[in-house]
Amino acid sequence: RTFLKIQEKPIVTLSKKKIIFRAGDVVSVTCDASGLPLPSVVWFHGRKPLRAGATSGRVTIDSLAASTFRSTLKIRQATESDSGFYNCKAGNNGGQSAQAIQMVYVEKPRVEVFQRRVDAVIGKRIMLRCNATGKPLPIVTWTRNEVPVGDNMDSDVLIDKAAGTISFTVDENARGVWKCIATNEAGVASDRIALDVGTRPQIEVPQAPVVMAYDENGTVPCLATGR
């Protein structure tokens, strides 16, 4: 008799291709591997192997062999150090196959303005600034009295979304509440600046000469305006 032994290279399927997580989350991904003979599976974090049944207290791998080999990687109380690429690698006598999943750590933005109140003069150019942090680095946008402000709407407005600054020439419409809004994949945060607008002082004195006698009290009118 002649026996024919069939071998099939493993086929690997992951339940997810990318996971976005925050500190403290429970992260889980399942790897199914089929083939003849039934393949074995090893997980890798980068180049570091994570053996089946092994546990570090937070990281566990549970495996079940049936018509396919199913391996589930679970991370409890996830931290930033758990981010990166994880590979599920399956192998048998027919060969090897692997699939990768990316785990991305994110932090909700935090934002704080440099000045909560700004007094500006009409006609002067000013810059409003806020400090935004988070992972990934947030994108900063601005509103004035809840209306979005963009540098594409007014050629005089310049916005640096990475640095968190907005600069413009002050006019009457600049008065109000300016909001700095920081956004990333983890969420949104904002802080506010109250901007008041004033005008340069102007002085008016009489055009006609003021005549008064020597050694007598007199009054010279002077009118000052401004805000």
Side-chain angles (χ1 to χ4, degrees), residues 1-111 131-141 148 150 152 160-164 181-190:
R1 291 184 178 180
T2 301
F3 293 93
L4 179 63
K5 191 173 184 179
I6 299 176
Q7 297 179 343
E8 292 180 352
K9 183 179 178 179
I11 297 175
V12 175
T13 305
L14 291 175
S15 58
K16 302 168 186 174
K17 291 293 185 181
K18 183 178 181 180
I19 294 177
I20 296 174
F21 70 95
R22 300 173 178 83
D25 283 355
V26 176
V27 180
S28 179
V29 59
T30 298
C31 173
D32 286 311
S34 61
L36 289 175
L38 196 63
S40 59
V41 169
V42 178
W43 283 95
F44 288 83
H45 182 196
R47 296 184 177 181
K48 179 183 177 181
L50 305 173
R51 297 296 177 183
T55 176
S56 66
R58 296 186 309 107
V59 181
T60 59
I61 299 175
D62 296 320
S63 299
L64 177 65
S67 58
T68 62
F69 191 98
R70 170 164 288 190
S71 181
T72 300
L73 172 67
K74 181 176 287 187
I75 304 173
R76 297 176 176 83
Q77 292 296 314
T79 67
E80 185 175 3
S81 64
D82 297 315
S83 62
F85 284 92
Y86 288 76
N87 277 277
C88 176
K89 188 174 182 180
N92 62 11
N93 293 335
Q96 294 182 338
S97 296
Q99 289 286 333
I101 177 174
Q102 183 183 14
M103 296 193 185
V104 180
Y105 173 77
V106 296
E107 289 180 357
K108 185 177 179 180
R110 294 181 180 181
V111 62
N131 182 42
T133 59
K135 291 189 178 182
L137 192 65
I139 296 298
V140 172
T141 56
N152 61 332
D160 189 328
K161 294 183 178 181
I181 305 169
T183 307
N184 68 7
E185 293 177 277
V188 180
S190 65

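Reckoned from all heavy atoms, side chains included, excluding hydrogens, waters and symmetry mates.
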Flag, side chain of [X] to backbone of [Y], donor-acceptor distance under 3.5 Å:
X   : Y   : answer
S34 : T68 : no
N92 : E8  : yes
H45 : S83 : yes

Check your understanding: Going from CG on L50 to CG on L73, what distance comes out if it is rounded to the nearest 0.5 angstrom?
Key -> 6.5 Å

Exercise for review: Would you give the length of the straight line joining atom NZ of K48 to atom CH2 of W43, rounded to the nearest 0.5 angstrom?
Suggested key: 15.5 Å

Who are the side-chain hydrogen bond (donor to acceptor under 3.5 Å, both in side chains) partners of [X], not counting sequence neighbours?
X    : result
S81  : T79
T72  : T30
N184 : none
Q102 : none

So which heavy atom on [X] is nearest to which on [Y], and how close?
X    : Y    : value
V29  : S15  : CG2-OG, 3.5 Å
P138 : P109 : CG-CB, 3.8 Å
A186 : K108 : CB-N, 3.5 Å
V42  : P49  : CG1-CB, 4.3 Å
A182 : V111 : CB-CB, 4.3 Å
V41  : A90  : CG2-CB, 4.1 Å

Mind checking whether [X] and [Y] have side chains closer than 4.5 Å, heavy atoms only?
X    : Y    : result
V106 : P136 : yes
T60  : R76  : yes
F69  : S63  : yes
Q99  : T13  : no
C88  : L14  : yes

**Study point:** Flag if over 12 foreign heavy atoms under 6.0 Å of CG, L36
**Key:** yes

**Study point:** Sequence neighbours excluded, every pair satisfying salt bridge (charged side-chain N to carboxylate O under 4.0 Å, His left out) that has a member inside residues 17-43
**Key:** D32-R70

Review point. In chain order, what residues pass the side-chain contact (heavy atoms from CB on, under 4.5 Å) check against I75, with sequence neighbours excluded?
Key: V27, R58, V59, A78, D82, Y86, M103

